[in-house]
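Working notes for the structure below.
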Amino acid sequence: MNNSQEEVTSIDELKQFTKFLQSLWATLAGISVLFPLSNVLAKVIPLAQWPEGGFAYFNPTLVTAISTVTCLFIILWTFGRRQQFANAKRRQLIRRESALSFVVGGIGLIVYLIGHYAVTQDFYYIAFNWASTDPQRVFGDLLLLIAYCVFFAFMTRAFMLLGMLEYYGSKRRAA
């Protein structure tokens, strides 16, 4: 009997989460999840392999897929912490976390862009005398991948936190 009550609760929470996903803030979070995918089409953030881009070995499709999966993980992880949004004291800290996430995401984008343009200007050869096929370039690819994912993940987190604050705040006012 207890198990069926837990199932009903889980189904109800899933329905509530679906309602949240239809809200304005969740739409923004959803866009930030889809942005890595749409970036491939729109090319807002440069993403290519060397010599046109910063990646020596990683394919842009792989980078986009990893970034998108990271954003989906952030959404589910944030939803898993939904009990924290009911605590009035914790809500103020969550607002700060959201602002900090936005700043960290912006820093991730700056690091990515600096690395991308440095590599396109033949940074590896100038600084280290590495040819385009040197395996050490994989470390640069990892740094660029991490910076690219940090940008999208932290932007997604910032919008998710604000969205869930708004959603759970309106639920609390309605109760």
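Note that these values count all heavy atoms, side chains included, but never hydrogens, waters or copies made by symmetry.
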Not counting sequence neighbours, which residues clear ring-ring contact (aromatic ring centres under 6.0 Å, His included) with Tyr117? List them please. none

Over all atoms of both residues, closest heavy-atom pair of [X] and [Y]:
X: Ser101; Y: Arg157; answer: OG-NH1, 2.6 Å
X: Tyr57; Y: Arg137; answer: CE1-CB, 4.0 Å
X: Gly80; Y: Gln83; answer: O-OE1, 3.5 Å
X: Val104; Y: Val150; answer: O-CG1, 3.9 Å
X: Ala56; Y: Asp141; answer: N-OD1, 2.7 Å

In the structure I gave you, are the side-chain heavy atoms of [X] and [Y] within less than 4.5 Å of one another anywhere?
X: Pro46; Y: Leu113; answer: yes
X: Cys149; Y: Ile66; answer: yes
X: Val103; Y: Phe154; answer: no
X: Ile107; Y: Tyr112; answer: no
X: Met164; Y: Thr78; answer: yes
X: Gln49; Y: Pro60; answer: yes

How long is the gap from [atom1] on [X] to [atom2] on [Y], to the nearest 0.5 Å?
X: Leu62; Y: Leu145; atom1: CG; atom2: CG; value: 7.0 Å
X: Ile45; Y: His116; atom1: CD1; atom2: NE2; value: 10.5 Å
X: Met160; Y: Cys71; atom1: CE; atom2: SG; value: 11.0 Å
X: Phe102; Y: Phe159; atom1: CZ; atom2: CZ; value: 6.0 Å
X: Gln84; Y: Leu93; atom1: CD; atom2: CG; value: 9.5 Å

Do Gln136 and Phe128 pass the side-chain contact (heavy atoms from CB on, under 4.5 Å) test, and can you show the C-alpha distance, the side-chain angles, and the key distance before you say yes or no? CA-CA 10 Å; Gln136 296 94 324; Phe128 303 110; over 6 Å; no

Would [X] end up clustered with [Y] when hydrophobic side chains under 4.5 Å apart are linked, directly or stepwise?
X: Ile146; Y: Leu47; result: no
X: Ile74; Y: Leu165; result: no
X: Ile110; Y: Leu142; result: no
X: Val63; Y: Ile114; result: no
X: Val138; Y: Leu144; result: yes

For Glu97, is there an ion pair with Arg81 - N to carboxylate O distance below 4.0 angstrom? yes

Any donor-acceptor pair under 3.5 Å from [X] side chain to [Y] backbone:
X: Arg91; Y: Phe85; result: yes
X: Trp50; Y: Val119; result: yes
X: Thr68; Y: Thr64; result: yes

Over 60° means perpendicular and under 30° means parallel, so tell me whether Phe152 and Tyr148 are parallel, tilted or perpendicular. perpendicular

Quick one: list whatever passes side chain to side chain donor-acceptor pair (under 3.5 Å) with Arg82, sequence neighbours left out. Glu13

